[in-house]
Amino acid sequence: MLEGPTMANDRPVRVRIAPSPTGDPHVGTAYIALFNYAFAKSTGGKFILRIEDTDQTRARSDSERMIYDALRWVGLSWDEGPDVGGPYGPYRQSERSQHYKDAASKLLDAGKAYRCFCTEDRLAKLRIQQQAEKATLGYDRHCRDLDPAESRNRAAQGEACVVRLKVPVSGPIDFQDQLRGVVSRDAKEIDDQVLLKSDGLPTYHLANVVDDHMMQITHVIRAEEWISSTQKHVLLYEAFGWEQPQWFHMPLLRNTDKSKISKRKHPVSINYYRDSGILPQALLNFLGTMGWSFGGDREKFTLAEMISVFDWKRMSLGGPVFDLAKLTWLNEQYIHELTTEQLADALIDWRFNKEFLLKLLPLAHKRIKRLDDFIGVTEFFFTGDLDYAAVTTHFAIPDVAPKEVAKAVLELVEKYEAREGWEAKTLDEVTQAWVTALGWKTKHAFMLLRVAVTGRTTSPGLFETMGVLGKEITRRRLRKAAEVIAKLPAPAAAPAPATKSP
RNA sequence: GACCCUGUCGUCCAGAGGCCUAGGACACCCGCCUUUCACGCAGGUAACACGGGUUCGAAUCCCGUCAGGGUCGCCA
């Protein structure tokens, strides 16, 4: 056990998740939220949602809303948060700038932090040099010993600067991880972390510590990827003279290849699971089996049941691979226990509702001669992964190797990703630019995409179809198609001079 | 590369020194049921990373090796 200024045992439990609104609502957010929630509720504590939007360059306007919707969809709700308020607000970091500035100047005054005037350019060069010399990476503390008066002057004159933490030059810095025991690291491995960026906004490290303290967070339950930042946070708590929370680092969800779960290798958006017909209670249950066990061979359990038996002793720390097949099986269990009435409602919620039909019908309307054409015309809006076996000939682009085609399709997906919004018009623009750059014939490229997205050669307008299908389903189909394309045999090329014969 | 975390069937978990000839679930394979398919039911294949200790006894404790992962940003 670590002695010293820790252990927040005597206070009522307050935990939080702090997602940053930079994209689609991530399944990892729901995972960490679930354990925070289950722990808090098992002790009668509070669960708080805080939005960490201190990076203006990455913030997405629709992302915050999607986080709320996704979390509520799986069945998690928060006691305090930007949209519900609470006694420790505001809960959006972009609205708390003054707190971080005050905190930073406290540290500056105490000589525990300093202004750094190094340019990004210098830092970039430094990094390149360090890499070349295979030296330890990190800031070289160039500005650490500037005269405080000079530092103040330069800042007053408007010279751009950041504020960095004065990390001890050496000596052990330990923290007690409640799941793993003592994690020890020497201060010499840690460089002087930026606390306040030159735009005046805090980095994660500062904002996180300041907010957790001000919001009376007692237990920090977050993903394993934060372990190596924790020493910096410990140092901050010490510099401020604040009591540390208890630390819990959960294992990371993994791709099939064991790497940290990522959108290029695995569906990570909660919206994907919703759109592909996973029931929220099944997703949540599944997440509850990742690294944690209910006990007694129970695979299937509700949130309430999980809370009632929740115990950190049931955690295991190996990184769990997110297995879609097992999730699907669990989902099947939930579907089968629904009454016919409930299943009808689930289906209506999913796609068989007026809102969805009103989006879909404009594309199908003129293709329908009798009402009973509807299913035939729109069937791929209601199915899961497509079977491309019968249509692979349309995946060929003349004079382009299948591997290249596959690569280009993946690049298109990335380009869609980079653009905010998912409207036909945007998709059209991005795609046109993509084909032009590739120099492919539009008709070949568009047929390929049409087949990838719908599984057939006839369909409503390509981009309107993608628009209605949604980002997640479209993306998955494009990726699946790329996989198929990559495995296609190269077309018999014009007779090339054989250098080797079998 | 440095530092840190982790290491039981292909995958998710059980196992907190003897109850383990290692248990459950998914997936897979094989039956049964059935006009078909699915469900359901009954079986089966399959793992303690390796090497040293400690101990009467190790999947469980310790050390080393190896492997996987994470982090090394004015991103979170």
Side-chain angles (χ1 to χ4, degrees), chain A residues 18-23 26 28-29 51-59 93 116-120 122-124 126-127 130-131 133-139 160-164 173-175 177 179-208 222-232 249-261 285-300 313-333 335-336:
Chain A
S20 69
T22 51
H26 200 279
T29 303
I51 295 290
E52 306 228 330
D53 55 349
T54 56
D55 184 0
Q56 335 148 299
T57 58
R58 295 208 313 164
Q93 288 188 331
C116 165
F117 297 90
C118 293
T119 60
E120 300 221 32
R122 187 180 108 77
L123 296 177
L126 178 68
R127 196 170 310 130
Q130 286 171 337
Q131 272 161 355
E133 293 171 2
K134 297 200 189 297
T136 317
L137 266 36
Y139 180 56
C161 67
V162 302
V163 174
R164 287 182 186 269
I173 301 173
D174 297 349
F175 72 91
D177 185 287
L179 265 15
R180 299 156 200 266
V182 175
V183 179
S184 183
R185 206 144 81 100
D186 197 281
K188 67 170 182 260
E189 310 289 345
I190 304 168
D191 70 348
D192 287 356
Q193 181 58 47
V194 172
L195 301 177
L196 218 52
K197 299 182 271 189
S198 56
D199 63 4
L201 292 176
T203 58
Y204 168 84
H205 304 286
L206 209 220
N208 179 266
R222 58 189 358 174
E224 187 180 1
E225 56 187 330
W226 294 106
I227 287 181
S228 43
S229 296
T230 304
Q231 274 89 358
K232 294 169 186 173
H249 290 93
M250 301 274 301
L252 246 15
L253 259 20
R254 308 295 183 90
N255 298 312
T256 315
D257 67 4
K258 300 272 192 183
S259 56
K260 164 168 115 172
I261 200 166
N285 186 163
F286 177 71
L287 257 15
T289 68
M290 301 273 87
W292 191 81
S293 60
F294 189 90
D297 290 341
R298 274 284 285 283
E299 311 279 341
K300 184 164 168 290
K313 287 200 180 76
R314 304 221 59 88
M315 253 342 274
S316 62
L317 300 174
V321 172
F322 194 114
D323 181 10
L324 285 170
K326 185 141 186 188
L327 169 60
T328 303
W329 169 80
L330 241 193
N331 199 57
E332 178 187 21
Q333 305 309 304
I335 285 188
H336 288 182

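Convention: sequence-line order gives letters A, B, ...; per-chain numbering from 1. Since this is a predicted model, take the numbers as computed values, not measurements.
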> Rounded to whole angstrom, note down the C1' distance from B:A47 over to B:G23.
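That atom pair is separated by 12 Å.
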> Quickly work out the A:N208 CG to B:C75 C1' distance and round it to whole Å.
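In whole Å, B:C75 C1' and A:N208 CG are 13 Å from each other.
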> Is there a donor-acceptor pair closer than 3.5 Å between any side-chain N or O of A:N255 and the backbone N or O of A:D257?
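A pair under 3.5 Å: no.
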> Please tell me which of the listed nucleotides, B:C74, B:G69, B:A14, lies nearest to the side chain of A:K260?
B:G69
> Mind calculating the distance between CD (A:Q193) and P (B:C74) to the nearest angstrom?
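It is 7 Å, rounded to the nearest whole Å.
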> In whole Å, I'd like the distance from the CG atom of A:D192 to the P atom of B:C74.
12 Å
> Hunt down the Watson-Crick or G-U wobble partner of B:C72, both distances under 3.5 Å, from any strand shown, or write none.
B:G1
> Could you please name the option among B:C12, B:C39, B:G70 that lies closest to any side-chain atom of A:P320?
B:C12
> Whole angstrom is fine here: how far is it from OH in A:Y204 over to C1' in B:U71?
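Between C1' of B:U71 and OH of A:Y204: 13 Å.
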> Using whole Å, what does the distance between atom C1' of nucleotide B:C12 and atom CG of A:L287 come to?
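A:L287 atom CG is separated from B:C12 atom C1' by 12 Å.
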> Is it the case that the base of B:G69 and the side chain of A:E225 share a donor-acceptor contact (distance under 3.5 Å, atom types as modelled)?
no
> Is the phosphate of B:A76, meaning OP1 or OP2, less than 4.0 Å from a side-chain N or O of A:T22?
no
> As an exercise, state the distance from OG1 of A:T203 to CG of A:N208, rounded to the nearest 0.5 Å.
9.0 Å
> Can you check the distance between B:C61 and B:G70, where both ends of the measurement are the P atom (answer in whole Å)?
25 Å
> Using modelled atom types only, decide if a donor and an acceptor are shared between the side chain of A:K260 and the backbone of A:E225 within a distance under 3.5 Å.
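A pair under 3.5 Å: no.
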> The side chain of A:K313 is closest to which nucleotide in this list: B:C12, B:A16, B:C39?
B:A16
> May I ask you to say what A:S184 touches in the nucleic acid, namely base, sugar-phosphate or nothing, with a heavy-atom cut-off under 4.0 Å?
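Answer is sugar-phosphate: A:S184 comes under 4.0 Å of backbone atoms only.
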> When rounded to the nearest Å, what value does the distance between C1' atoms of B:G44 and B:C32 take?
15 Å
> Can a donor-acceptor pair be found, under 3.5 Å and without considering hydrogens, that links the side chain of A:D174 to the backbone of A:V182?
no
> Counting only side-chain N and O atoms of A:K258, is one of them less than 4.0 Å from OP1 or OP2 of B:U11?
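Affirmative; the distance criterion is met.
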> Is any side-chain N or O of A:R58 under 3.5 Å from a base N or O of B:C75, one able to act as donor and the other as acceptor?
yes
> Using a 4.0 Å heavy-atom cut-off, does A:S316 contact any base of the nucleic acid, only the sugar-phosphate backbone, or nothing at all?
sugar-phosphate
> Using the P atom in both, what is the distance from B:G15 to B:C20, to the nearest Å?
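So the two P atoms sit 14 Å from each other.
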> Taking the side chain of A:R254 as its heavy atoms from C-beta onward, which of B:A27, B:G69, B:A25 lies nearest to it?
B:G69
> Looking at A:K326 and B:A25, is any side-chain donor or acceptor paired with a base atom of the opposite kind under 3.5 Å?
yes
> How far does the C1' atom of B:C75 sit from the matching atom of B:C12, given to the nearest Å?
31 Å
> What's the closest nucleotide to the A:D297 side chain, out of B:C13, B:G23, B:C75?
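Closest nucleotide to the A:D297 side chain: B:G23.
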> Look at the side chain of A:L317 and decide which nucleotide, out of B:C13, B:C74, B:U6, has an atom nearest to it.
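Output: B:U6.
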> Describe the nucleic acid contact of A:E189 in one word from base, sugar-phosphate, nothing, applying a heavy-atom distance below 4.0 Å.
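The answer is sugar-phosphate, as A:E189 gets under 4.0 Å only of primed atoms, P, OP1 or OP2.
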> Does any donor-acceptor pair link the side chain of A:S198 with the base of B:C74 at a separation under 3.5 Å?
yes
> Nearest-nucleotide wise, let me know which of A:L179 and A:E52 is further upstream toward the 5' end of RNA chain B.
A:L179
> Kindly indicate whether the side chain of A:Y204, heavy atoms from C-beta on, has any atom under 4.5 Å from the side chain of A:S229.
no
> Would you classify A:V162 as touching base, sugar-phosphate or nothing, given that sugar-phosphate means primed atoms plus P, OP1 and OP2, and contacts are heavy atoms under 4.0 Å?
base
> Nearest-Å distance, CG (A:L253) to C1' (B:U11)?
13 Å
> Ignoring the backbone of A:L252, work out which of B:G70, B:U6, B:C75 is nearest its side chain.
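Nearest to the side chain of A:L252 among the choices is B:G70.
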> I'd like to know if the side chain of A:K232 pairs up with that of A:Q193 as donor and acceptor (distance under 3.5 Å, no hydrogens or angles considered).
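There is such a pair between these side chains.
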> Over all strands shown, is A:C161 touching base, sugar-phosphate only, or nothing at heavy-atom distances under 4.0 angstrom?
nothing
> Are A:N285 and A:T289 close enough, and set up right, to give a side-chain contact (heavy atoms from CB on, under 4.5 Å), and what steps lead you there?
CA-CA 7 Å; A:N285 186 163; A:T289 68; 4.0 Å; yes
> Determine which nucleotide pairs with B:C28, using a 3.5 Å limit on both distances of a Watson-Crick or G-U wobble pair.
B:G44
> Scan A:G291 against the nucleic acid and name what it touches under 4.0 Å (heavy atoms): base, sugar-phosphate only, or nothing.
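It contacts sugar-phosphate atoms only.
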> May I ask you to decide if A:D192's main-chain N or O and A:R164's side chain share a donor-acceptor pair within less than 3.5 Å?
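Yes, A:R164 side chain to A:D192 backbone: donor-acceptor pair under 3.5 Å.
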> Is the phosphate of B:A76, meaning OP1 or OP2, less than 4.0 Å from a side-chain N or O of A:K232?
no
> Can you tell me the Watson-Crick or wobble partner of B:U54, both distances under 3.5 angstrom?
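Paired with no nucleotide.
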> With P as the reference atom in both, quote the distance from B:G57 to B:C39 in angstrom, rounded to an integer.
50 Å
> Looking only at side-chain atoms of A:I227, point me to the closest of B:A76, B:C5, B:A27.
B:C5
> Parallel, tilted or perpendicular, judged at 30° and 60°: which one describes the rings of A:F322 and A:F286?
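Ring orientation, 0 to 90° scale: perpendicular.
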> Tell me which nucleotide, if any, is Watson-Crick or G-U wobble paired with B:A67 when both distances must be under 3.5 Å.
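Because both required distances fall under 3.5 Å, B:A67 counts as paired with B:U6.
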> Scan A:T54 against the nucleic acid and name what it touches under 4.0 Å (heavy atoms): base, sugar-phosphate only, or nothing.
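The answer is sugar-phosphate, as A:T54 gets under 4.0 Å only of primed atoms, P, OP1 or OP2.
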> Give me the distance, rounded to whole Å, that separates B:G7 from B:A16 when you measure between the P atoms they each carry.
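These two P atoms come out 16 Å apart once rounded.
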> What is the pairing partner of B:C19, taking Watson-Crick or G-U wobble pairs with both distances under 3.5 Å in any strand?
none
> Does any nucleotide pair with B:U60 by Watson-Crick or G-U wobble geometry, both distances under 3.5 Å, and what is it?
none
> How long is the line joining CD of A:Q93 and P of B:C75, in whole Å?
13 Å
> Could you identify the nucleotide paired to B:C37, looking across every strand shown and requiring Watson-Crick or G-U wobble geometry with both distances under 3.5 Å?
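Partner of B:C37: none found under 3.5 Å.
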> What integer number of Å spans the C1' atoms of B:A46 and B:G24?
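After rounding to an integer number of Å, I get 14 Å for this pair.
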> I need the CD1-C1' distance between A:I261 and B:G69, as an integer number of Å.
14 Å
